[in-house]
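Input: a single structure, listed below in structure tokens.
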Amino acid sequence: MKIYMAPMEGVTNYVFRKVYIKHFSGVDKFFTPFITPHMKKGFSKSELMELNTEYNKGQYLIPQILTNSAEDFLKLVDEIKEMGYNEFNLNLGCPSGTVTSKGRGSGFLKDPDALDRFFYDIFRKKDNIKLSVKTRIGFSDYKEWDDLLKVYEKYEFSEIIIHPRLRSDFYKNNIYLPSFTQACNDLKQNIIYNGDINTLADFNNLKIQICNDRVTGVMIGRGLVKNPLIGESIKQNKEIISIEKTVEFLDDIVEEYLTLDFGERNTLFKLKEIWGMILGNEEVYSKVLKKIRKTNTVKEYKIAVNELF
């Protein structure tokens with residue numbers, strides 16, 4: 001089964017991905033954090049780095065796009081194609097209020113008819129590209145999934161990545177597997193599962209429940225940040241956890257950010273967020289995490305991290 005790294009704004013970015021493939025294996029496909037169409041301005045510096053094929057060498061990388069305009073989508077695709085990409089992903093899962101209030105991300109799911117017109121216009125005009133979608137199962141009601149499936153089944157997506165939560169769930173509440181199972185039965189496209197895979201046990205338990213030839217892979221976000229070795233654990237079907245390897249990985253992330261002139265303050269901000277995901281639920285490491293969060297220099301940070309040993 002294939003393993004995908006979920007796009008997480010500010011976390012699994014170009015620096016994280018570049019250093020990740022230096023230290024670990026197990027991930028088959030990567031995605032950029034979402035990129036929005038540009039009305040008057042060009043790509044930002046960070047977007048150019050996300051899409052820089054030389055910097056991202058060695059990754060099967062898919063640009064993810066966030067929009068509800070077919071015209072803007074196709075224009076942005078043409079711009080990114082010139083950088084060497086021919087496979088794209090549409091974000092229909094982001095639950096952020098600033099995104100959904102504009103009818104984008106999971107906010108687009110409220111209007112299946114508009115979504116249908118959007119895909120019709122894209123598939124009518126798209127030229128030599130593959131398109132996948134990353135979707136939730138509705139905005140605020142599980143019944144919405146029936147109409148969304150009727151839209152998805154019409155089009156030749158390369159993959160459909162399903163996070164079986166409503167937008168109203170955000171990242172809380174339990175995943176709703178009946179909707180995922182329904183998609184496996186109704187859709188002809190390859191399906192990727194996304195949501196709440198934090199350990200090998202989570203994966204194996206899920207595999208039993210979603211056993212279906214349509215499911216060709218899983219996308220992992222927070223679980224992969226918490227344990228960067230989870231991809232290898234799944235591929236080898238044995239638990240692999242190494243705080244030593246994780247620290248070496250994050251040390252290299254620090255050096256990469258500093259090499260790119262992020263400065264100590266911005267670098268530490270990034271690392272504190274990552275350590276929060278790694279140690280946040282581990283009571284035994286709570287004091288170390290507090291010390292990491294209080295650091296103001298890289299020297300202080302490394303002293304705090306060494307207390308893990």
Measuring from [X]:[atom1] to [Y]:[atom2], what's the distance to the nearest 0.5 Å?
X	Y	atom1	atom2	value
Ile137	Leu109	CD1	CG	10.0 Å
Thr216	Glu159	OG1	CD	5.5 Å
Leu131	Ile160	CG	CD1	9.5 Å
Glu282	Leu308	CD	CG	11.0 Å
Leu90	Leu115	CG	CG	7.5 Å
Ile220	Asn198	CD1	CG	8.5 Å

Ion pair present between [X] and [Y], side-chain N to carboxylate O less than 4.0 angstrom?
X	Y	result
Glu54	Lys57	yes
Arg136	Glu144	no
Glu71	Lys75	no
Glu307	Lys290	no

Is there a side-chain contact between [X] and [Y] (heavy atoms, below 4.5 Å)?
X	Y	value
Val77	Tyr85	no
Leu200	Ile234	yes
Ser46	Met49	no
Ile230	Phe203	no
Met83	Leu48	yes
Asp113	Asp116	no
Thr12	Leu224	no
Asn89	Tyr4	no

Heavy-atom pair of closest approach, residues [X] and [Y]:
X	Y	result
Thr32	Pro63	OG1-CA, 3.4 Å
Leu250	Ile278	CD1-CD1, 3.7 Å
Phe31	Ile161	CZ-CD1, 3.9 Å
Ser106	Thr100	OG-CG2, 3.4 Å
Pro164	Tyr193	CG-CE1, 3.6 Å
Asp121	Ala70	CB-CB, 3.7 Å

Handout entry: side chain to side chain donor-acceptor pair (under 3.5 Å) pairs, two or more places apart, involving residues 260-271
Key =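 Listed by first then second residue: nothing to list.
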
Measure from NZ or CZ of [X] to the centre of the six-membered ring of [Y] and say whether it is under 6.0 Å with the direction within 45° of the ring axis.
X	Y	value
Arg117	Phe108	no
Lys18	Tyr55	yes
Arg222	Tyr171	yes

Report, as yes or no, whether the 6.0 Å neighbourhood of atom [atom1] on [X] holds more than 12 heavy atoms from other residues, nucleotides or ligands.
X	atom1	result
Asn306	CG	yes
Asp141	CG	yes
Lys130	NZ	no
Lys2	NZ	no
Lys272	NZ	yes
Lys188	NZ	yes
Lys291	NZ	no
Glu244	CD	yes

Ignoring hydrogens and geometry beyond distance, is a side-chain donor-acceptor pair present between [X] and [Y] at under 3.5 Å?
X	Y	value
Tyr142	Gln182	no
Tyr60	Glu87	yes
Thr67	Ser69	no
Arg165	Asn173	no

Any sub-3.5 Å donor-acceptor pair from [X]'s side-chain atoms to [Y]'s backbone N or O?
X	Y	value
Glu79	Gly42	no
Thr135	Ile162	no
Asn56	Asn52	yes
Glu232	Ser25	yes
Asn227	Gly223	no
Lys134	Gly93	no
Asn68	Lys102	yes
Asp28	Ile3	yes

Problem - Residues which pass ring-ring contact (aromatic ring centres under 6.0 Å, His included) with Phe157, listed by chain and number, not counting sequence neighbours - result: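 With sequence neighbours excluded, Phe157 shows a ring-ring contact (aromatic ring centres under 6.0 Å, His included) to Phe119, Phe123, given in chain and number order.
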
Is there a chain of hydrophobic side chains (I, L, V, M, F, W, Y, each step under 4.5 Å between heavy atoms) that links [X] to [Y]?
X	Y	value
Ile62	Phe73	no
Val27	Met219	no
Val247	Ile274	yes
Val151	Phe88	yes
Ile197	Leu177	yes

Practice task
Taking side chain to side chain donor-acceptor pair (under 3.5 Å) as the test, write out the residues that go with Glu239, two or more places apart.
Solution key: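 In terms of side chain to side chain donor-acceptor pair (under 3.5 Å), with neighbours along the sequence ignored, Glu239 is linked to no residue.
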
Exercise for the section: Please assess Cys184 against Ile191 for the test side chain to side chain contact (heavy atoms under 4.5 Å, CB included), listing each intermediate value before the final yes or no. Expected result: CA-CA 7 Å; Cys184 292; Ile191 296 173; 4.2 Å; yes

Problem - Criterion salt bridge (charged side-chain N to carboxylate O under 4.0 Å, His left out) on Glu50 and Arg17, from CA distance to verdict - result: CA-CA 10 Å; Glu50 292 288 357; Arg17 298 192 310 266; 2.7 Å; yes

Practice task
Take the angle between the ring planes of Tyr20 and Phe30 and call it parallel below 30°, perpendicular above 60°, tilted in between.
Solution key: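 Plane angle over 60°, so perpendicular.
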
Exercise for the section: Check the angle between the aromatic planes of Phe262 and Tyr14 and answer parallel, tilted or perpendicular using the 30° and 60° thresholds. Expected result: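 Plane angle between 30° and 60°, so tilted.
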
